[in-house]
**Student:** 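Got a structure for you, written out below as structure tokens; questions coming shortly.
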Amino acid sequence: VQLQASGGGLVQPGGSLRLSCAASGFTLDNYAVGWFRQAPGKEREGVSCISSGDGSTDNADSVKGRFTVSRDNANNAVYLQMNNLEPTDTAVYYCATLPYSIFGAQCTLEAGPYNYWGQGTQVTVSS
């Protein structure tokens, strides 16, 4: 069972990146997935999330209109499309899953309820 975030890198302000959260050993579509980030010296911050069941999403105010979370069930993955990146988006980005719920789990931008975390991927926005 593994959860792996990838797709980070160095990008100029205004640029775009797509992060991938790939699962192995379980079906990611059955779980709510959250994206979080942590910059040096700062607390972990919820960025975007997607629920299981109804597929509803939520985004932090700081990324609304710029970031989009989506599922790719064929590849057992969740993506975070990040557009119009700003230097303040620089951080290590993590994906995580909520515990399984047969009724579908509503995602949250709070880190506490997530019980399975992948390794992060570094995103650096700089000119």
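Keep in mind it's a predicted model, so treat the numbers as computed, not measured. Index from 1, following the sequence.
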**Student:** Rounded to the nearest 0.5 Å, what separates atom CZ in Phe67 from atom OG in Ser16?
**Tutor:**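 So the CZ of Phe67 and the OG of Ser16 are separated by 9.5 Å.
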**Student:** Can you confirm whether more than 12 heavy atoms, excluding those of Glu86, are under 6.0 Å from its CD atom?
**Tutor:**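 Result for CD/Glu86: enclosed.
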**Student:** Thr97 versus Asn115: any side-chain heavy-atom pair under 4.5 Å?
**Tutor:** yes
**Student:** Do Leu17 and Val47 sit in the same hydrophobic cluster, where Ile, Leu, Val, Met, Phe, Trp and Tyr count as joined when their side-chain heavy atoms come under 4.5 Å apart?
**Tutor:**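 Hydrophobic grouping puts Leu17 with Val47.
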**Student:** Could you pull out the closest heavy-atom pair between Ala60 and Gly46, with the gap in Å?
**Tutor:**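 Closest approach of Ala60 to Gly46: CB-O, 3.4 Å.
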**Student:** Linking I/L/V/M/F/W/Y whenever any side-chain heavy atoms sit under 4.5 Å apart, do Val33 and Phe26 land together?
**Tutor:** yes
**Student:** Could you measure the distance from the CZ atom of Arg44 to the CZ atom of Arg37? Nearest 0.5 Å is fine.
**Tutor:** 13.5 Å
**Student:** Distance from Thr90 atom OG1 to Gln122 atom CD, nearest 0.5 Å?
**Tutor:** 7.5 Å
**Student:** Contact between Val63 and Ser48 at the side-chain level, heavy atoms closer than 4.5 Å - yes or no?
**Tutor:** yes
**Student:** Please list all pairs passing the salt bridge (charged side-chain N to carboxylate O under 4.0 Å, His left out) test where one or both residues lie in residues 21-36, with sequence neighbours left out.
**Tutor:**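 For residues 21-36, and leaving out neighbouring residues, the salt bridge (charged side-chain N to carboxylate O under 4.0 Å, His left out) pairs sorted by first residue read Asp29-Arg71.
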**Student:** Quick one: do Gln4 and Thr121 satisfy side chain to side chain contact (heavy atoms under 4.5 Å, CB included)? Show the steps, please.
**Tutor:** CA-CA 9 Å; Gln4 179 67 52; Thr121 185; over 6 Å; no
**Student:** Identify whether Val123 and Val69 are in the same connected component of the hydrophobic contact network (ILVMFWY, side-chain heavy atoms under 4.5 Å).
**Tutor:** yes
**Student:** Would the Tyr114 and Phe36 ring centres measure less than 6.0 Å apart?
**Tutor:** yes
**Student:** Under a 3.5 Å distance rule, please check whether Ser52 uses its side chain to pair with a backbone N or O of Ala105 as donor and acceptor.
**Tutor:** yes
**Student:** Testing the 3.5 Å rule here: is there a donor-acceptor pair between the side chains of Ser56 and Ser51?
**Tutor:** yes
**Student:** Under 4.5 Å between side-chain heavy atoms, hopping through other hydrophobics if needed: is there a path connecting Tyr31 to Trp35?
**Tutor:** yes
**Student:** For a quick test of reading the model, state the closest non-hydrogen atom pair linking Ala5 to Cys95 and the distance between them.
**Tutor:**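 Scanning both residues completely, I find the closest heavy atoms to be CB-SG, 4.1 Å.
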**Student:** Would you say Asn30 and Tyr100 are linked by a side-chain donor-acceptor pair, where the criterion is simply a distance under 3.5 Å?
**Tutor:**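 Not at all, the side chains of Tyr100 and Asn30 share no donor-acceptor pair under 3.5 Å.
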**Student:** How close do Tyr94 and Gln38 get, counting heavy atoms only, and between which atoms?
**Tutor:**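 Looking at all heavy atoms of both residues, the shortest contact is CE1-CB, 4.4 Å.
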**Student:** Measure the spacing between OG1 of Thr68 and CG of Asn59 and express it to the nearest 0.5 Å.
**Tutor:** 7.0 Å
**Student:** Mark yes or no for whether Asn76, through its side chain, and Ala23, through its backbone, hold a donor-acceptor pair below 3.5 Å.
**Tutor:** yes
**Student:** Would you please name every residue forming a side-chain contact (heavy atoms from CB on, under 4.5 Å) with Pro113, sequence neighbours left out?
**Tutor:**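 Partners of Pro113 by the side-chain contact (heavy atoms from CB on, under 4.5 Å) criterion, ordered by chain and then number, come out as Leu98, Thr108, Glu110.
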**Student:** Find out whether Asp89 and Met82 are in side-chain contact, i.e. whether some heavy atom of one side chain is under 4.5 Å from a heavy atom of the other.
**Tutor:** no
**Student:** Can you confirm whether Leu28 sits close enough to Leu3 that some side-chain heavy atom of one is under 4.5 Å from a side-chain heavy atom of the other?
**Tutor:** yes
**Student:** Could you tell me the separation between the CD atom of Gln2 and the OH atom of Tyr116, rounded to the nearest 0.5 Å?
**Tutor:**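 Interatomic distance, Gln2 CD to Tyr116 OH, rounded to 0.5 Å: 6.5 Å.
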**Student:** Measure the CG-OG distance between Leu80 and Ser20 for me, rounded to the nearest 0.5 Å.
**Tutor:**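 So the CG of Leu80 and the OG of Ser20 are separated by 9.5 Å.
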